[in-house]
Amino acid sequence: MKVTVVGAGNVGATVANVVALKKFAQEVVLIDIKEGVSEGKAMDMMQCSHALNFDTTVKGVTNDYAATADSDVVVVTSGLPRKPGMTREELVGVNAKIVKSVVEQALKYSPNAIFIIISNPMDAMTYLALKSTGLPRNRVIGMGGMLDSSRFRYYLSEALNAAGHPATPSDVDGMVIGGHNDKTMVPLVSIATLRGIPVTQLLSKEVLADVVQKTKVGGATLTGLLGTSAWYAPGASAATLVEAIALDAKKVIPCCVYLEGEYGEKELCVGVPIVLGKGGFEKVVDVKLEGEEKAKFEESVEAARAVNAQLGD
Ligand code: NAI
């Protein structure tokens with residue numbers, strides 16, 4: 001498998017590094033517009049291969065899309081990250097131009113690639129990538145739900161530990177759907193469990209409301225601490241999507257995809273659980289939404305549509 005990562009900044013370099021560490025790809029190409037940065041980061045990663053025992057070749061290039069030719073997966077991280085106090089949606093104008101141009105260039109050299117979109121506002125950038133390339137919907141997938149679900153599991157595990165129920169984030173099962181948006185993402189409390197036990201039986205309503213709120217602003221919390229947006233969990237989450245495609249794992253992961261009637265919605269990209277395998281997204285998995293969670297998902301859809309409206313034609 002050959003993987004291209006566009007954008008060699010914090011997130012892109014982490015994606016490339018984690019893909020190499022996971023050992024499922026033969027080649028990773030890191031491409032950026034900043035002269036020397038991709039080359040330097042790729043060389044640094046290659047110099048880990050002895051210590052970390054991987055054989056993946058990581059190559060860095062500046063603006064040279066020919067080097068990305070015949071990639072199976074293209075991960076798009078190019079664009080500005082938010083600064084403390086900013087919303088992801090404020091990045092729409094500048095990042096739309098970047099994302100449109102990079103997906104079009106990458107597609108010329110890798111006509112069969114599956115695209116994973118990370119640049120923010122991710123739901124709108126996924127929609128833009130789909131519309132501007134005209135690719136079938138199974139080959140354009142946005143990464144946000146995997147990250148938000150990891151944050152949800154982390155905050156649930158903290159609350160469970162505080163309530164006397166020992167839990168690591170990986171002991172907890174939990175999923176976030178809807179937009180990758182501070183206000184409208186939907187952590188699904190109703191189906192979250194600790195070793196099979198519903199968290200609603202272990203934590204009070206107030207504690208669960210606090211976990212939901214912390215999850216929603218999880219990205220902003222890190223942006224406040226770091227001065228820019230996070231990269232370890234975003235990079236690891238994206239690499240997990242690439243791995244599911246490479247291994248044809250048929251894993252169910254919440255991702256941003258174009259809906260054609262699923263969840264009662266169409267003509268937009270938003271986060272829902274999907275089956276991910278070698279063809280990209282193979283199907284949408286239906287989770288029965290009720291009450292507040294259903295209403296919140298509908299709000300999320302409206303918010304995503306409002307950002308798409310800013311993309312113009
Ligand atoms: P960064 O600033 O560290 O890296 C971005 C890189 O993109 C820079 O190296 C820049 O030179 C490059 N770039 C800009 N225009 C380009 C072009 N036309 N072609 C190739 N490369 C280009 O930013 P970071 O932290 O890596 O974030 C990248 C994007 O990912 C941001 O939009 C951020 O908001 C988003 N993000 C999304 C997440 C998600 O869950 N979907 C999570 C974290 C970040």
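Computed from heavy atoms alone, side chains included, the values below leave out hydrogens, waters and symmetry copies. Numbering of ligands and ligand atoms starts at 1, following listing order. Predicted model, so just to flag it, every value in this text is computed and none were measured.
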In terms of ring plane angle, is the pair Y263 and F297 parallel, tilted or perpendicular, where the classes change at 30° and 60°?
tilted
Closest by any non-hydrogen atom to atom 29 (C) of ligand 1: pick that one out of V37, T77, I117, V11.
T77
Which option wins on minimum heavy-atom distance to atom 34 (O) of ligand 1: N120, T223, D123, V15?
N120
Under 4.0 Å to a heavy atom of [X] - the qualifying atoms of ligand 1, by number:
| X | value |
| --- | --- |
| I98 | 15 (N), 16 (C), 17 (C), 18 (N) |
| S229 | 25 (O), 44 (C) |
| N95 | 32 (O) |
| L147 | 40 (O), 42 (C) |
| P234 | 42 (C), 43 (C) |
| K34 | 8 (C), 9 (O), 11 (O) |
| V102 | 17 (C), 18 (N), 19 (N) |

I'd like to know if the side chain of T56 pairs up with that of Q26 as donor and acceptor (distance under 3.5 Å, no hydrogens or angles considered).
no
Taking the basic N atoms (NZ, or NE/NH1/NH2) and the acidic carboxylate oxygens, is any pair closer than 4.0 Å for [X] and [Y]?
| X | Y | answer |
| --- | --- | --- |
| R82 | D182 | yes |
| K59 | E27 | no |
| D171 | R195 | yes |
| K250 | D248 | yes |
| E158 | R153 | no |
| E243 | K22 | yes |
| E262 | R137 | yes |
| E104 | K108 | no |

Do any N/O atoms on [X] end up under 3.5 angstrom from N/O atoms on ligand 1?
| X | value |
| --- | --- |
| I118 | yes |
| A230 | no |
| D32 | yes |
| S78 | no |
| V6 | no |
| H180 | yes |

Among all protein non-hydrogen atoms, which one is nearest to [atom], and what is the separation to 0.1 Å?
| atom | answer |
| --- | --- |
| atom 3 (O) of ligand 1 | N10 N, 2.9 Å |
| atom 15 (N) of ligand 1 | I33 CD1, 3.5 Å |
| atom 41 (N) of ligand 1 | M143 O, 2.8 Å |
| atom 4 (O) of ligand 1 | G9 CA, 3.2 Å |
| atom 5 (C) of ligand 1 | G79 O, 3.3 Å |
| atom 31 (C) of ligand 1 | L80 O, 3.1 Å |

Applying the 4.5 Å side-chain criterion to the ILVMFWY set and letting contacts propagate, would V270 and V140 be lumped into a single cluster?
no
Return the CZ to CE distance between F115 and M125, rounded to the nearest 0.5 Å.
15.5 Å
So does G79 get a backbone contact from the side chain of S119, meaning a donor-acceptor N/O pair under 3.5 Å?
no
If you measure from each non-hydrogen atom of P81 to ligand 1, which part falls under 4.0 Å: side chain, backbone, both or neither?
both
Below a 4.0 angstrom heavy-atom separation, can you tell me which part of N63, side chain or backbone, both or neither, approaches ligand 1?
neither
Do you know the tightest heavy-atom contact between V172 and L156?
CG1-CD1, 3.6 Å
Hey, does T228 sit under 4.0 Å from ligand 1 if you only count heavy atoms?
no
